[in-house]
Amino acid sequence: MKKLNRIIAIALTFALAFALCACGGSKKEEGPVYRTLDEIKQSGVINIGVFSDKNPFGYVDENGEYQGYDVYFAQRIAEDLGVKLNYVSTEAANRIEYLQTGKVDIILANFTVTPQRAEEVDFALPYMNVALGVVSPDAKVIETLDNWNADEQMIVISGTTAETYFTENYPDIPLQKYDTYANAKNAMENGNGVAWANDNTEVIAFALQNEGYTVGIPSLGSQDTIAPAVSKGNETLLNWLNGEIEALGAENFFHADYEATLVDTYGLDYEESLVVEGGIIK
Amino acid sequence: MPDLGLEVLLKGKNLVRLLGGLWTALRISLLSVAISLPVGVVLGVLMTRNNRFVKALLRLYLEFIRIMPQMVLLFIVYFGSTRAFGWDVSGETASVVVFTLWGAAEMSDLVRGALTSIPRHQYESAEALGMSRLQTSIFIIIPQTVRRLIPLSINLVTRMIKTTSLILMIGVVEVLKVSQQIIEANRMSSPNAAFGVYLSVFLLYFLACWPISLLAGRLEKKWS
């Protein structure tokens with residue numbers, strides 16, 4: 001029995017020692033985490049991270065096919081590179097991690113460009129605009145935020161950029177906060193607040209689908225853009241992507257993309273304000 | 001009857017996709033169960049031995065796994081292994097690794113608990129009857145331990161099945177992710193679909209876990 005115990009102890013020590021070595025293992029001998037443009041072409045497959053549940057930007061239809069504004073662009077990238085496209089389903093919270101580990105080559109998941117994110121990943125040229133918008137009932141369309149009547153409340157969803165923006169820039173406007181999109185929508189319909197502020201894509205879609213509402217302020221706050229992102233330092237792929245976006249501008253590719261994927265949700269009126277063509281922000 | 005938006009399940013291949021997602025979840029959890037239960041039994045037996053060093057090591061392993069949220073473990077194995085060594089582990093493999101490590105750790109503690117709960121006099125009576133150590137284990141201790149282990153390990157197995165809902169965070173498209181995809185794809189046309197689809201997911205999880213509970217109940221009855 002003693003002997004058996006000793007053998008077990010030795011075996012476990014080795015196992016633990018191995019595990020510790022593995023954990024403390026050095027990463028310096030590794031090359032870059034990402035794949036260069038040539039490596040992607042050689043392998044014949046490009047991994048692109050997209051949303052699989054954000055209609056109409058990246059989603060999966062009832063036949064199990066990826067669809068949407070981002071996906072339309074992803075398909076074109078693969079086609080022009082002459083490689084097969086492998087979709088990776090990403091979440092908002094793990095997009096940066098995917099690029100930092102090189103588990104995807106490009107993220108095309110409605111990725112808003114921010115200075116903090118730009119320190120972690122490299123953004124290519126933008127292909128879409130985002131801003132905040134304010135929707136209100138037709139009976140009393142809110143078109144300006146000046147001279148706000150302090151008795152009236154603005155509906156926002158907690159944790160969104162709209163909430164932060166109003167708290168910082170319009171501290172005098174009383175906010176009515178809701179946790180979910182569905183609750184905010186109910187509040188708007190019940191007239192609990194005079195207007196609803198959210199991403200402009202969201203309020204535009206709401207006004208189009210619900211009779212009797214108008215987007216009085218279609219663009220508010222800082223104009224942000226949406227762009228593809230690659231792993232930090234992946235120059236070859238970044239340069240190719242920028243060239244691709246510029247070249248696609250000549251054929252009005254993103255307008256065609258909008259008309260194929262977004263027009264049902266946002267209508268033609270917002271095409272010019274949402275689409276960024278050739279990477280040039282007007 | 002409120003509108004549950006159940007019609008979205010009949011669109012295209014949605015129902016097949018949902019079942020496919022359930023199969024992914026079950027494949028990962030059952031494979032992990034198959035590996036972790038035997039490993040856990042061995043580790044549990046080792047924990048009852050009088051070797052302080054072995055005990056301390058296993059204790060460390062158990063506490064580490066128990067304290068870490070499964071989500072963190074998944075991120076460590078999936079992204080961490082790539083960062084540290086450049087291994088390209090697939091989401092499914094990473095899930096199986098994490099669920100196996102977790103299952104084995106918890107199972108070992110269950111086995112340890114079941115073994116130490118067998119009263120001393122069981123051993124002594126067996127010895128008084130002239131049984132050898134091996135005979136005592138086979139005829140006296142193991143049957144009683146197994147009986148005590150059944151409800152506990154069934155609990156663990158069903159928890160492992162349900163916790164697969166986390167693996168969507170490392171890119172594995174399982175039943176919950178498919179249901180979110182279906183809900184979002186129909187956000188405009190059937191805004192109420194969330195109720196119906198989540199209800200179906202609830203039923204699917206139930207159908208997956210219930211037979212296991214039934215089997216456990218039957219075994220308990222048979223051996224009591």
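So that the names make sense, note that chain A is the first sequence line, chain B the second, and so on, each numbered from 1. Any value given below was found using the heavy atoms of this structure, including those in side chains, with hydrogens, waters and symmetry copies removed. Small disclaimer: the values here were computed from a predicted structure and weren't measured.
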- Message: Main chain of B/Met169, side chain of A/Asn94: is a donor-acceptor contact present, judged purely on distance under 3.5 Å?
- Response: yes
- Message: Less than 4.5 Å to any heavy atom of chain B: does that hold for the side chain of A/Tyr98, its backbone, both, or neither?
- Response: both
- Ranking A/Glu91, A/Glu97, A/Gln209 by heavy-atom pairs under 4.5 Å to chain B gives rank one to A/Glu97
- Message: Using heavy-atom distances under 4.5 Å, tell me whether B/Phe75 contacts chain A through its side chain, its backbone, both, or neither.
- Response: side chain
- Task: Assess the side chains of B/Thr82 and A/Lys103: does a donor N or O sit below 3.5 Å from an acceptor N or O?
- Result: yes
- Message: What part of A/Lys54 gets within 4.5 angstrom of chain B, counting heavy atoms only: side chain, backbone, both, or neither?
- Response: backbone
- Most contact-rich option vs chain A, by heavy-atom pairs under 4.5 angstrom, among B/Gly171, B/Gly91, B/Gly12, is B/Gly12
- Task: Please look at A/Asp61 and chain B and tell me whether the side chain, the backbone, both or neither of the residue comes under 4.5 angstrom of a heavy atom of that chain.
- Result: backbone
- Task: Tell me, please, which residues at least two apart from A/Phe111 pass ring-ring contact (aromatic ring centres under 6.0 Å, His included).
- Result: A/Phe123
- Message: Counting heavy-atom pairs closer than 4.5 Å to chain B, which one of A/Gly68, A/Gly64, A/Gly49, A/Ala93 comes out on top?
- Response: A/Gly64
- Straight-line distance of A/Ser89 OG to B/Ile170 CD1, nearest 0.5 Å: 11.5 Å
- The interface call for B/Leu168 against chain A, heavy-atom contacts under 4.5 Å, is both
- Identify the two heavy atoms, one from A/Asn63 and one from B/Lys13, that lie closest to each other, and give their separation to 0.1 Å. O-NZ, 3.7 Å
- Message: At a 4.5 Å cut-off on heavy atoms, which part of A/Val88 comes close to chain B: side chain, backbone, both, or neither?
- Response: neither
- Message: Does any part of the side chain of A/Tyr59, heavy atoms only, come nearer than 4.5 Å to the side chain of B/Glu184, both counted from C-beta?
- Response: no
Exercise answer: donor-acceptor pairs, residues 124-131 of chain B side-chain atoms, under 3.5 Å, sequence neighbours excluded:
residue	atom	partner	partner atom	Å
B/Glu124	OE2	B/Arg120	NE	3.4
B/Ser125	OG	B/His121	O	2.5

